[in-house]
S.K.: 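One structure, pasted below without further comment.
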Amino acid sequence: MSAKLDFRRLRYFVAVCELGSFSRASEFLNVAQSALSQHVASLEQDLGVQLLVRQPRGVSRTEAGDRLHAHARGVLHALEQAELDVVSLARSAVGPVMVGFNYTAMEAIGLPFIRRVAATLTEVKLRVIEAHSEIMHDWMLSGQADIALTLVRPNDDRLEAVPLLDEELVCLGTRAMIGDGGPIDLADVLRLPLIMPGRTAVLQALASDAAVRRAIAEKVHLEIESAIPLKRAVSAGLGVTVQSAALAGDEIASGELVARPVVNPSMGRTLYLVSSRIKTASRAVMEARRLMVDVVREAHAAGRWPGRWRDSHLETR
């Protein structure tokens, strides 16, 4: 590790960032506040950038501080994993595991996965985070997530993406707005008030054809990034959305929402299990990865996540 970014400095810096002040970090670390301040100041001096803005009642991070904080958390997590992995070879899986879910995955299998980990990996400390797929890739690269389910293949050789499931996209809406029945033409969907996430990457995951993406983007009536508010807006009859049926399994089962496959053109996307190619996975991470594949497979087999299951390349490493 660079002499400028030694373990102690990173640990002190992260503590100050996350506790919000030098005094609280001093108490937490049992380190004199003056020593803590000196370490962070020397880190700023050696790097040649200001990391923290000192304020009367705490600190805030600069842009450089935000970047270093993200990297430092990943480095410290990796060191903790390395230690636990070495000393726990003769024991059950133990230690922290950070798992990222895109919004559809969280709705479809988030709770079953958490329950499975709690029941079978009793010594694992699980941390679950939720975000759009492209944000999840950044978290993977910075070490803030060990494994993730995403709907966009990462454009980085440092990440491995294993396809799990090809899913068909549907138009979700109330019965009063889209009726019952089978497939619905995209042209008919675009005549309805359309509610979608606003991110470009979300549209890229929905349609590979640029003309289709433009047609959808031009007709968006309301943008809502988070899954639960989006579903509530659709259930309230404010519009329809094009998503995976797995996003609204409970609402479809109860009759609150209707799902109609979109055709002409049909629309689909692939679910990927993403992990790092450059970071050695701990036993805890490998076990969590195996459970992740099992839970997604079971959701597909039970009809909770419709699509075509990918049988290849699913070895648990």
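As a basis for the values below, the full set of heavy atoms in this structure was taken, side chains included, without hydrogen atoms, waters or symmetry mates.
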S.K.: Give a yes or no on whether a salt bridge exists between E44 and R54, defined as a side-chain N under 4.0 angstrom from a carboxylate O.
M.R.: yes

S.K.: For D6 and R8, indicate whether the former's side chain and the latter's backbone hold a donor-acceptor pair under 3.5 Å.
M.R.: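 Looks like yes, one N/O pair under 3.5 Å.
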
S.K.: Apply side-chain contact (heavy atoms from CB on, under 4.5 Å) to the pair I216 and M267, showing each step before the final yes or no.
M.R.: CA-CA 12 Å; I216 294 173; M267 302 176 68; 3.6 Å; yes

S.K.: Measuring from I135:CD1 to Q144:CD, what's the distance to the nearest 0.5 Å?
M.R.: 11.0 Å

S.K.: What ring pair (Phe, Tyr, Trp, His ring centres under 6.0 Å) pairs are there with at least one residue in residues 149-192, not counting sequence neighbours?
M.R.: none

S.K.: I need the minimum non-hydrogen distance between A161 and P154, along with the two atoms involved.
M.R.: CB-CD, 3.5 Å

S.K.: Can you list, by chain and residue number, the hydrophobic cluster partners of L172 when the side-chain cut-off is 4.5 Å?
M.R.: V170, I252

S.K.: Using 0.5 Å steps for rounding, measure from the CZ atom of R269 to the CG atom of L165.
M.R.: 10.5 Å

S.K.: Does V242 reach the side chain of V262, with side-chain heavy atoms less than 4.5 Å apart?
M.R.: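 Side-chain contact under 4.5 Å: yes.
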
S.K.: Can you check whether Q33's main-chain N or O pairs, donor with acceptor, with S26's side chain at less than 3.5 Å?
M.R.: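 Pair found, side chain donor or acceptor close to backbone of Q33.
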
S.K.: Return yes when atom CD1 of I114 has more than 12 non-hydrogen atoms of other residues, nucleotides or ligands closer than 6.0 Å, and no otherwise.
M.R.: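 Count over threshold, so yes.
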
S.K.: Under the side-chain contact (heavy atoms from CB on, under 4.5 Å) criterion, do E225 and L230 qualify, and how do the steps go?
M.R.: CA-CA 7 Å; E225 296 295 336; L230 188 151; over 6 Å; no

S.K.: May I have the step-by-step check of salt bridge (Lys or Arg N to Asp or Glu O under 4.0 Å) for E160 and R153, ending in yes or no?
M.R.: CA-CA 9 Å; E160 178 186 27; R153 182 187 288 275; over 6 Å; no

S.K.: List the steps, then state whether side-chain contact (heavy atoms from CB on, under 4.5 Å) holds for V258 with C171.
M.R.: CA-CA 8 Å; V258 174; C171 176; over 6 Å; no

S.K.: For G173 and V240, work out which heavy atoms get closest and say how close.
M.R.: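 So the two residues come closest at CA-CG1, 4.2 Å.
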
S.K.: Judged by atom type as modelled, is there a donor-acceptor pair below 3.5 Å linking the side chain of N102 to the main-chain atoms of L149?
M.R.: yes

S.K.: So how far is it from I178 CD1 to L192 CG, rounded to the nearest 0.5 Å?
M.R.: 8.0 Å

S.K.: Determine whether V295 and L247 fall in the same hydrophobic cluster, where Ile, Leu, Val, Met, Phe, Trp and Tyr are linked whenever their side-chain heavy atoms lie under 4.5 Å apart.
M.R.: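 In one cluster: no.
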
S.K.: Same cluster for L111 and I109 if Ile/Leu/Val/Met/Phe/Trp/Tyr side chains link at under 4.5 Å?
M.R.: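 Each belongs to a different hydrophobic cluster.
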
S.K.: Can you name the closest pair of heavy atoms from P229 and I224 and give their distance?
M.R.: CB-CG2, 3.7 Å

S.K.: Closer than 3.5 angstrom, by distance alone: can the side chain of S254 be matched with the main-chain N or O of E251 as a donor-acceptor pair?
M.R.: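 Here the side-chain-to-backbone pair exists.
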
S.K.: For T174, give me all partners under side-chain hydrogen bond (donor to acceptor under 3.5 Å, both in side chains), at least two apart in sequence or on another chain.
M.R.: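 For T174 there are no side-chain hydrogen bond (donor to acceptor under 3.5 Å, both in side chains) partners, ignoring immediate neighbours.
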
S.K.: If you measure from the Lys or Arg side-chain nitrogens to the Asp or Glu carboxylate oxygens, is any gap between R310 and D166 under 4.0 Å?
M.R.: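 A salt bridge links R310 with D166.
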
S.K.: How long is the gap from CG on D138 to OG on S133, to the nearest 0.5 Å?
M.R.: 11.5 Å

S.K.: Would you say that V296 contacts L271 through its side chain, given a criterion of any heavy-atom pair below 4.5 Å between the two side chains?
M.R.: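 The answer is yes, as the side chains (C-beta and beyond) meet within the 4.5 Å cut-off.
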
S.K.: Is any side-chain heavy atom of E223 closer than 4.5 Å to a side-chain heavy atom of M196?
M.R.: no

S.K.: Do L47 and L68 have side chains that approach each other closer than 4.5 Å (heavy atoms only, starting at C-beta)?
M.R.: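 Answer yes - side chains close enough.
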
S.K.: Short question: side chain of S244, backbone of A246 - any donor-acceptor pair under 3.5 Å?
M.R.: yes

S.K.: Counting only N and O atoms by type, is there a donor-acceptor contact under 3.5 Å from the side chain of D146 to the main-chain atoms of M98?
M.R.: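 Checking the backbone N and O of M98 against the side chain of D146, a donor-acceptor pair under 3.5 Å is found.
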
S.K.: Is it the case that over 12 heavy atoms from other parts of the model lie below 6.0 angstrom from the CD atom of Q55?
M.R.: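 Atom CD in Q55 is crowded, with more than 12 foreign heavy atoms closer than 6.0 Å.
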
S.K.: With hydrophobic residues grouped by side-chain heavy-atom distances under 4.5 Å, do V220 and L238 end up in a single group?
M.R.: no

S.K.: My understanding is that only residues two or more places apart in sequence, or in another chain, count here; which of them pass ring-ring contact (aromatic ring centres under 6.0 Å, His included) with Y103?
M.R.: H132

S.K.: What heavy-atom pair brings I195 and A233 nearest, and what distance separates the two atoms?
M.R.: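 Nearest pair, atom of I195 first, then A233: CD1-CB, 3.9 Å.
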
S.K.: Hey, is R277 close enough to D157 for a salt bridge, meaning N to O under 4.0 Å?
M.R.: no

S.K.: Determine whether V263 and L169 fall in the same hydrophobic cluster, where Ile, Leu, Val, Met, Phe, Trp and Tyr are linked whenever their side-chain heavy atoms lie under 4.5 Å apart.
M.R.: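 No, separate clusters.
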
S.K.: Sorted by first residue and then second, give each ring pair (Phe, Tyr, Trp, His ring centres under 6.0 Å) pair with at least one member in residues 37-69; sequence neighbours left out.
M.R.: Y12-H39

S.K.: Whether E27 and R24 form a salt bridge (side-chain N of Lys/Arg under 4.0 Å from carboxylate O of Asp/Glu) is what I want to check.
M.R.: no

S.K.: What I'd like to find out is whether the side chain of L257 reaches to under 4.5 Å of the side chain of S235, using heavy atoms alone.
M.R.: yes

S.K.: Determine, for E18 against R73, whether the closest basic-nitrogen to carboxylate-oxygen distance falls under 4.0 angstrom.
M.R.: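 A salt bridge links E18 with R73.
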
S.K.: I want to check something: taking the side chain as every heavy atom from C-beta on, are W305 and T104 in contact at a cut-off of under 4.5 Å?
M.R.: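 Yes. Closest side-chain heavy atoms under 4.5 Å.
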
S.K.: Flag the pair K231 and E107 as a salt bridge only when some basic side-chain nitrogen lies within less than 4.0 angstrom of an acidic carboxylate oxygen.
M.R.: yes

S.K.: Is there side-chain contact between V75 and F7, with heavy atoms separated by less than 4.5 Å?
M.R.: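 Sidechains of F7 and V75: no contact.
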
S.K.: Go through M136 and L151 one step at a time and tell me if the side-chain contact (heavy atoms from CB on, under 4.5 Å) criterion holds.
M.R.: CA-CA 10 Å; M136 205 71 66; L151 292 165; over 6 Å; no

S.K.: Atom NE2 of H300 and atom CZ of R297: how far apart are they, to the nearest 0.5 Å?
M.R.: 10.5 Å

S.K.: Distance check, rounded to the nearest 0.5 Å: R191 atom CZ versus I184 atom CD1?
M.R.: 9.5 Å

S.K.: Are any of the side-chain heavy atoms of V99 and V97 separated by less than 4.5 Å?
M.R.: yes

S.K.: Look at the side-chain heavy atoms of Ile, Leu, Val, Met, Phe, Trp and Tyr, link any pair under 4.5 Å apart, and say whether L222 and L190 land in one connected group.
M.R.: no

S.K.: What residues join L141 in its hydrophobic cluster, counting side-chain heavy atom gaps under 4.5 Å, either direct or through other members?
M.R.: M140, L159, Y272, V274

S.K.: For R232, is there an ion pair with E256 - N to carboxylate O distance below 4.0 angstrom?
M.R.: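 Here E256 does not pair with R232 in a salt bridge, since their nearest N and O are not under 4.0 Å apart.
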
S.K.: Taking all heavy atoms of A25 and all of L36, pick out the closest pair and write down the distance.
M.R.: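 Looks like CB-CD2, 3.5 Å.
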
S.K.: Look only at the side chain of T150 and the backbone of V152, and say whether a donor-acceptor pair between them is shorter than 3.5 Å.
M.R.: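 Between the backbone of V152 and the side chain of T150 there is a qualifying donor-acceptor contact (under 3.5 Å).
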
S.K.: For residues V212 and P265, report the shortest heavy-atom separation together with the two atoms involved.
M.R.: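 In this case the closest contact between V212 and P265 is CG2-CG, 3.9 Å.
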
S.K.: Does a salt bridge link D156 with R158, judged by any charged N lying under 4.0 Å from a carboxylate O?
M.R.: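 So D156 pairs with R158 through a salt bridge.
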
S.K.: Within the distance-only criterion (no hydrogens, no angle test), does the side chain of R260 pair as donor or acceptor with the backbone N or O of G182 below 3.5 angstrom?
M.R.: yes

S.K.: Could you tell me whether the side chain of T62 and the main chain of Q50 form a donor-acceptor pair under 3.5 Å?
M.R.: yes

